[in-house]
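All remarks here apply to the structure that follows.
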Amino acid sequence: MPTVKSKKKKSKKEATDGEEGGGGVEGEVEEVTSRRRSDSRDPLTPEPLDPAPQKKKKKKRAPTIDLEAEHPDVPNGDMELEWEETAPVTRKTKRKKKAKATEQYCNDLDAEDDDIIADAPSPIPQHSLFSAPHGHSQPVGKVFVERNRRFQAERVEQLRHSEDDYMDPRQIWTTRDIALRVHSSFRVLGLFSHGFLAGYAVWNIIVVYVLAGEQMTTLQNLLQQYHLLAYPAQSLLYLLLAVSTVSAFDRVNLAKASMALRGFLTLDPAALASFLYFIALILSLSQQMTSDRINLYPTANETLWPPGSEQQILRPWMVVNLVVAMLVGLAWAVVSTRPDIDYTEEFLMTMEVEGYPRGEDNLDIPA
Amino acid sequence: MLQTGNFSLVLLIQLTLLAYDLFVNSFSELLRGAPVIQLVLFIMQDIAILFNVIIILLMLFNTYVFQVGLVSLLLERFRGLLILSALYLTLSICFHCWVLNLRWFQSNRFIWTDGLQALFVFQRTAAVLYYYLYKRTAEYMGDPRLYEDSLWLRNIFARTRQ
């Protein structure tokens, strides 16, 4: 991702600036001078001076970790890379330093330590001062990442992989992809809804006919048993029918009138299913009054359920429910033959700025 | 240019409002224990429809096509949704007022007449068409062509000027 890279670069620069301009400079100077001192003296008196550089090296480690904390957005892997980059420079300057120091040492063999320090900083290039000590800058497998306000050790490879995994999808996704994804998610929901609705409608009508008995002789039994279920069943039926109808309309791309009409005329499965669902929806809605009447059966008075009127009220209701069940069952079967048809998705796929010729025929369509 | 994150957020809000609308349309009849419950549900439903219309209008105003001045192009394309939204909102408000008026003093009584039944069928059918068109338009608003200059837009502009 270009933006991230530029950020990384920027942060890298900041990190270097931080190293250069920060409080680490004094430590570095001390480090280099002490190193130079120890190098120059090693051949003569190696033993007594050994512990001192060790201590200073240990001290040096703390400021570098602080620097990382000051720039939390700098990936640690990058810091290490930077260390690797600067390491050869350090080696070169060290050799130079070593050579110069030896010469000086030969000339002023009996000179004081302070004199050597005073002369030393001027010939050293500025950049080498700010590089990390060579002995401790070797990249290790672990880096320290700030998480939940704490630094936790993590392997470099894992960190890089996780960064890649996180960054890649965002980089690729556009608004069109999101629209397509939402659309395909709804298509899956719709597919589930088609099947569930068909099964539910068939179950419902079987229950009703079983409760009604042979030749509808036990309608009182149906009313007593089914009155609790009538209204929830009606509500669920509307919910499923609404989702299924929208899904079927999506498949046929109903808003594009010419395409939808062509689908109807050629008995396209998606167009046929849309038609069947829409009819089923209207038929189901038309039974709302009767469903409420059944729902209120226990509290009913004679005006709501006059004696002997059960058959007259319930027969059309059962027939309409049977038709609805058959319609949604048929629609489900039709959709199942070609579940991959989705003209709206194809339409959404043409949304490209450069793809003018592809999208041209879709331009004048009212949404 | 429309940002992906912003578009996702707006789409999420729109779909949430649609889902609430569908829920109320499906189950409001079951939640009529007290008339005040239905009152609150219906008010929120009408506000949700209004919000959805406002959101889609704001998105239309945010397009490059609109800023260039091709309002007629947008109106032509989204006319169906705008008309149906207005119709659905009107039908919903009418149905809600009617139902609440009849049920206000006794919530669990039989209120259905032929007129109310007809209004109910129209309102619920318009709701399904509204869901379809709104969802489609909300997805269609992710079209990158609406937010930047393109050959397509230039051709439309040239055609309009002629």
Side-chain angles (χ1 to χ4, degrees), chain A residues 170 173-180 182-183 186 231-232 234-243 245-250 253-255 277-278 281-282 284-286 288-293 295-296 299-300 303-304 344 347-348 350-357 359-360 363-367, chain B residues 1-8 11-12 15 22-23 25-30 73 75-81 108-114 116-118 120-125 127-129 131-133 135-153 155-156:
Chain A
R170 280 176 166 262
W173 278 36
T174 60
T175 48
R176 190 186 69 139
D177 296 328
I178 289 173
L180 275 171
V182 168
H183 182 75
F186 185 77
Y231 230 33
Q234 183 73 15
S235 300
L236 187 60
L237 197 62
Y238 175 74
L239 175 72
L240 292 171
L241 271 171
V243 174
T245 310
V246 171
S247 174
F249 283 174
D250 260 348
N253 198 6
L254 192 77
Y277 276 124
F278 194 68
L281 176 75
I282 291 173
S284 167
L285 285 172
S286 69
Q288 183 77 13
M289 188 196 283
T290 317
S291 293
D292 199 16
R293 203 185 279 265
N295 179 48
L296 294 171
T299 58
T303 53
L304 195 59
T344 304
F347 175 70
L348 288 171
T350 59
M351 298 193 310
E352 285 173 8
V353 177
E354 294 82 11
Y356 168 57
E360 189 178 24
L363 298 179
D364 301 327
I365 307 148
Chain B
M1 184 65 191
L2 184 65
Q3 297 295 318
T4 311
N6 295 349
F7 179 65
S8 311
L11 204 56
L12 182 71
L15 293 179
L22 179 60
F23 169 79
N25 271 347
S26 303
F27 300 110
S28 64
E29 287 293 306
L30 295 178
L73 175 71
L75 278 180
E76 186 189 337
R77 187 174 291 190
F78 300 110
R79 187 181 50 211
L81 173 73
N108 210 21
R109 74 185 184 95
F110 188 78
I111 54 164
W112 297 95
T113 57
D114 288 344
L116 186 63
Q117 172 73 42
F120 175 82
V121 172
F122 281 128
Q123 192 257 345
R124 294 295 203 261
T125 312
V128 172
L129 293 172
Y131 299 146
Y132 166 66
L133 281 182
K135 189 185 85 65
R136 186 178 183 277
T137 308
E139 286 168 0
Y140 191 76
M141 291 308 289
D143 188 350
R145 289 178 304 178
L146 293 174
Y147 298 93
E148 54 189 67
D149 197 4
S150 62
L151 183 63
W152 164 70
L153 195 62
N155 283 356
I156 298 272

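Chain A is the first sequence line, chain B the second, and so forth, proteins listed ahead of strands; every chain is numbered from 1.
A/Leu254 CG to B/Leu129 CG: the interatomic distance, rounded to the nearest 0.5 Å, is 7.5 Å. Separating the CZ atom in A/Arg176 from the CD atom in B/Glu139 is a distance of 13.0 Å, to the nearest 0.5 Å. Taken from CZ in B/Phe122 to CG in A/Leu285, the straight-line distance is 11.5 Å, to the nearest 0.5 Å. Taking OG of A/Ser286 as the reference point, atom CZ of B/Arg124 lies at 13.5 Å (rounded to 0.5 Å). B/Thr125 contributes atom OG1, which lies 5.5 Å from atom CZ of A/Phe278 (distance to the nearest 0.5 angstrom). Note that OH of B/Tyr131 is 13.5 Å distant from CZ of A/Phe249, once rounded to the nearest 0.5 Å.
Listed by chain and number, the residues in a side chain to side chain contact (heavy atoms under 4.5 Å, CB included) with B/Leu116 are B/Phe95, B/Trp98, B/Val99, B/Leu102, B/Ile111, B/Trp112, B/Thr113 (sequence neighbours excluded). Looking at residues two or more places apart in sequence or on another chain, you find no side chain to side chain donor-acceptor pair (under 3.5 Å) involving A/Asn295.
Side-chain atoms of A/Tyr238 do not come within 3.5 Å of backbone N or O of B/Leu22 as any donor-acceptor pair. Checking side-chain atoms of A/Thr175 against main-chain N and O of B/Thr4 turns up no donor-acceptor pair under 3.5 Å.
Counting only heavy atoms from C-beta outward, the side chains of A/His183 and B/Arg136 never approach each other to under 4.5 Å. Counting heavy atoms from C-beta outward, A/Pro232 and B/Leu30 have side chains that approach closer than 4.5 Å.
Proximity to chain A (any heavy atom under 4.5 Å) is shown, for B/Asn6, by neither the backbone nor the side chain. Only the side chain of A/Leu304 comes within less than 4.5 Å of a heavy atom in chain B; its backbone stays farther off. With a 4.5 angstrom heavy-atom cutoff, B/Leu75 does not touch chain A via any of its atoms. Residue contact with chain B, scored on non-hydrogen atoms closer than 4.5 Å, is absent for A/Leu241. For B/Glu29, the parts lying under 4.5 angstrom from a heavy atom of chain A are both the backbone and the side chain. Of the atoms belonging to B/Phe110, heavy atoms from both backbone and side chain fall under 4.5 Å from chain A.
The number of heavy atoms from other shown groups lying within 6.0 Å of CZ (B/Phe27) is above 12.
Between chain B and the residues A/Asp250, A/Thr344, A/Thr303, the largest count of heavy-atom pairs under 4.5 Å involves A/Asp250. Chain B forms the most heavy-atom pairs under 4.5 Å with one residue out of A/Asp292, A/Asn253, A/Leu239, and that residue is A/Asp292.
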